[in-house]
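Given the structure is predicted, the values throughout are model-derived calculations rather than measurements.
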Amino acid sequence: MRLPVRFFCAASLSCLLLAGVASPVVAWASDSAAAPAAVTPPAAAPAVNMRHGVPDSFADLAARLLPAVVNVSTTQTVKSGSTDDEDDEDGDDQLPQMPNFPQGSPFEKFFHDFMNRQSSPDAPPRRMQALGSGFIIDASGYIVTNNHVIRHADKVTVTLQDNTVLTAKQIGHDDRTDLALLKVESKKPLPFVHFGDSDKRRVGDWVLAIGNPFGLSGTVTAGIISSRGRNIDQGPYDDFIQTDAPINKGNSGGPLFDMDGNVIGVNTAIYSPSGGSVGIGFSIPANEAQGIIDQLRKTGKVSRGWLGVRIQNVTEEIAEGLNLTPARGALVAGVEKDGPAAKAKLQTGDVIQTLNGVAIEGKALPRLSAQLPVGTVAHLGVWRHGKVLDLPVTIAALPEAAAEPEKKEAPAAKNAKDVSFAALGFSAGQLDDAARQKYNLPASQKGVLITSVKDGGLASDRGLKEGDVVTEVQQAEVSTPADLKKRIEAAQKAKKKSVLLLVHDADGLRWVPFPLNGDDAQ
């Protein structure tokens with residue numbers, strides 16, 4: 001689900017759109033600062049004076065931390081007329097918009113010609129600059145920032161608090177958590193800060209953000225932790241700290257400090273109608289970031305634990321369809337062939353309720369399993385048809401993403417015997433060779449083909465599309481439209497409030513609940 005907001009990359013003083021639609025905005029944060037004398041280690045740092053729970057001043061703490069926060073500046077050569085999808089995803093067009101001039105005005109012609117030259121494929125490449133933030137974690141010059149700040153950069157420079165400019169080398173980056181590690185060479189030891197234990201920080205605790213908003217380096221803002229464990233649908237490992245400390249474009253990659261001067265988060269995104277702060281910012285927790293950064297420092301890449309299952313949250317509708325009480329856990333929508341879960345005999349329709357004895361929710365499972373060391377044995381508490389099983393599974397390394405095969409044009413599928421499920425808002429037909437070719441489905445794909453979806457119907461509301469395939473109903477396989485009809489009618493006769501369909505779409509398998517409010521029209 002997309003939030004009614006936009007994400008802006010802090011890689012440029014003009015914001016770059018990352019995701020979402022118009023209206024309020026979630027923006028990627030960024031900042032900068034510098035580094036003269038060494039930062040006092042947290043253990044020896046004086047505490048912030050508090051009066052009635054409110055700090056007297058942040059001045060001493062800010063003065064101590066500012067030297068370790070840096071400005072990250074990148075340059076990139078962009079070919080004019082480029083239509084790179086990834087760059088388009090990042091943001092709005094970087095060219096200036098054409099001003100409004102009276103029709104026929106000489107200025108109108110001048111700017112029209114200028115814009116056409118800039119967008120022409122024959123136009124010379126343009127140099128673009130982006131600004132962000134970072135912080136030094138080692139006296140030898142290791143610097144943490146966001147991946148979206150330095151992505152695609154030809155050159156990265158770091159400006160310290162004393163205005164010293166150093167060229168940075170990229171050590172490694174992690175797309176999934178949007179973290180990156182840089183290295184600069186300095187003739188003298190650099191001031192640095194330490195990661196703290198983000199799990200110990202509670203909602204309501206004071207925090208300090210330092211960075212480079214809108215290119216204004218060394219900016220200090222304060223606020224509190226507003227919430228924990230935020231999922232903003234930016235990846236499988238979302239677990240953001242939300243803060244009302246003002247964070248703006250340019251703060252990306254900057255640190256979020258606790259009152260002891262420890263880094264408890266990496267400022268990454270904001271929710272905003274305009275790209276500026278409205279008091280809703282998001283930071284990657286230090287306990288997640290530190291493990292990623294340690295791996296990048298050692299190997300330049302990140303290795304994650306992998307179970308080999310596709311999961312979704314257990315909603316009330318899904319729980320009712322499974323006769324599961326209460327509604328909690330991670331519902332297995334698919335099991336990767338020859339993966340760890342397959343070897344441990346997990347099945348589609350299982351509900352993973354615990355990981356190593358700790359209760360989990362669906363969206364937390366990818367993040368928690370990714371943190372497990374490769375080769376270790378994890379114990380899954382699995383609910384299956386009313387019974388709870390303890391299944392040991394050996395954690396494997398997350399495979400690299402495979403390149404998508406090219407789609408081929410195919411003749412239209414012929415489904416003369418389509419069956420209408422009007423109450424559910426779709427029609428279904430036989431999955432034959434012509435349909436497999438048309439919808440780019442493998443020869444091994446089984447199930448019932450969705451041949452049409454009614455606009456505004458239940459199926460449309462639940463994201464079903466023509467070309468999707470229903471493989472199971474109520475955890476029983478279906479191979480023909482007649483099978484599908486029979487299973488749905490059986491659920492109706494059993495007076496089920498909803499029926500569960502396992503659907504294969506472009507993203508893989510997922511369970512889709514449908515309410516049963518009356519008979520299907522045939």
Side-chain angles (χ1 to χ4, degrees), residues 6-12 15-20 26-32 69-76 78 84-91 128-137 142-158 168-184 195 211-212 232-241 247 249-256 263 265-270 281-304 366-367 370 398 400-401:
R6 292 187 293 171
F7 282 85
F8 289 95
C9 174
S12 174
C15 49
L16 304 179
L17 181 65
L18 285 185
V26 178
W28 295 101
S30 241
D31 248 282
S32 83
V69 185
V70 303
N71 172 300
V72 178
S73 177
T74 70
T75 56
Q76 175 190 355
V78 179
D84 189 292
D85 291 339
E86 189 172 8
D87 290 335
D88 291 343
E89 182 183 275
D90 284 348
M128 292 177 56
Q129 185 177 25
L131 297 175
S133 304
F135 55 97
I136 306 170
I137 59 169
Y142 284 98
I143 296 171
V144 175
T145 187
N146 278 145
N147 180 47
H148 74 258
V149 172
I150 53 91
R151 183 177 53 183
H152 308 315
D154 301 324
K155 182 180 180 181
V156 181
T157 58
V158 167
K169 178 176 69 173
Q170 297 186 34
I171 300 300
H173 68 275
D174 181 48
D175 294 331
R176 289 183 171 92
T177 56
D178 193 28
L179 289 169
L181 184 65
L182 307 175
K183 178 71 165 63
V184 296
F195 281 110
N212 181 43
I232 57 176
D233 293 317
Q234 291 307 297
Y237 309 119
D238 282 13
D239 185 35
F240 290 100
I241 296 172
I247 296 171
K249 289 176 289 180
N251 275 103
S252 282
L256 187 71
V263 178
V266 182
N267 299 324
T268 298
I270 64 173
F282 302 99
S283 300
I284 303 166
N287 285 11
E288 178 181 356
Q290 188 169 9
I292 300 298
I293 296 303
D294 287 345
Q295 289 194 58
L296 292 177
R297 186 170 177 175
K298 292 176 183 176
T299 65
K301 59 182 181 180
V302 177
S303 176
R304 288 184 168 86
R367 174 175 54 83
L398 179 68
E400 296 292 332

Quiz item: Which pair of heavy atoms, one from Gln170 and one from Ala153, lies closest together, and at what distance?
Solution: NE2-O, 4.1 Å
Quiz item: So, for Arg297 and Ile171, which heavy atoms are closest and what is the spacing to 0.1 Å?
Solution: CA-CG2, 4.5 Å
Quiz item: So do Phe282 and Thr268 actually touch side chain to side chain, heavy atoms under 4.5 Å?
Solution: no
Quiz item: Distance from Ile136 atom CD1 to Lys183 atom NZ, nearest 0.5 Å?
Solution: 10.5 Å
Quiz item: Stepwise, does the side chain to side chain contact (heavy atoms under 4.5 Å, CB included) test hold for Ser283 with Asn267?
Solution: CA-CA 4 Å; Ser283 300; Asn267 299 324; 2.6 Å; yes
Quiz prompt | Sole candidate of Ile293, Asp294, Ile292 that passes side chain to side chain contact (heavy atoms under 4.5 Å, CB included) when paired with Gln290 | solution = Asp294
Quiz item: Where do Gly134 and Pro255 come nearest, in terms of heavy atoms and distance?
Solution: O-CD, 4.4 Å
Quiz item: How many angstroms lie between atom CZ of Phe240 and atom CD of Glu288, to the nearest 0.5 angstrom?
Solution: 7.5 Å
Quiz prompt | Pairwise distance CG(Leu296) to OH(Tyr142) - rounded to 0.5 angstrom | solution = 11.0 Å
Quiz prompt | Non-hydrogen atoms of Phe195 and Ala286 that approach each other most closely | solution = CD2-CB, 3.7 Å
Practice problem: Going by the side chain to side chain contact (heavy atoms under 4.5 Å, CB included) test, name the single residue among Thr145, Val302, Ile284 that passes it with Leu179. | Solution: Ile284
Quiz item: How many angstroms lie between CD1 in Ile143 and CD1 in Ile150, if you round to the nearest 0.5 Å?
Solution: 12.0 Å
Exercise. Check whether any side-chain heavy atom of Leu181 sits under 4.5 Å from a side-chain heavy atom of His173, and report yes or no.
Key: no
Quiz item: Is there a donor-acceptor pair under 3.5 Å between the side chain of Asp178 and the backbone N or O of Asn146?
Solution: no
Quiz prompt | Evaluation steps, side chain to side chain contact (heavy atoms under 4.5 Å, CB included), between Asn147 and Asp174 | solution = CA-CA 7 Å; Asn147 180 47; Asp174 181 48; over 6 Å; no
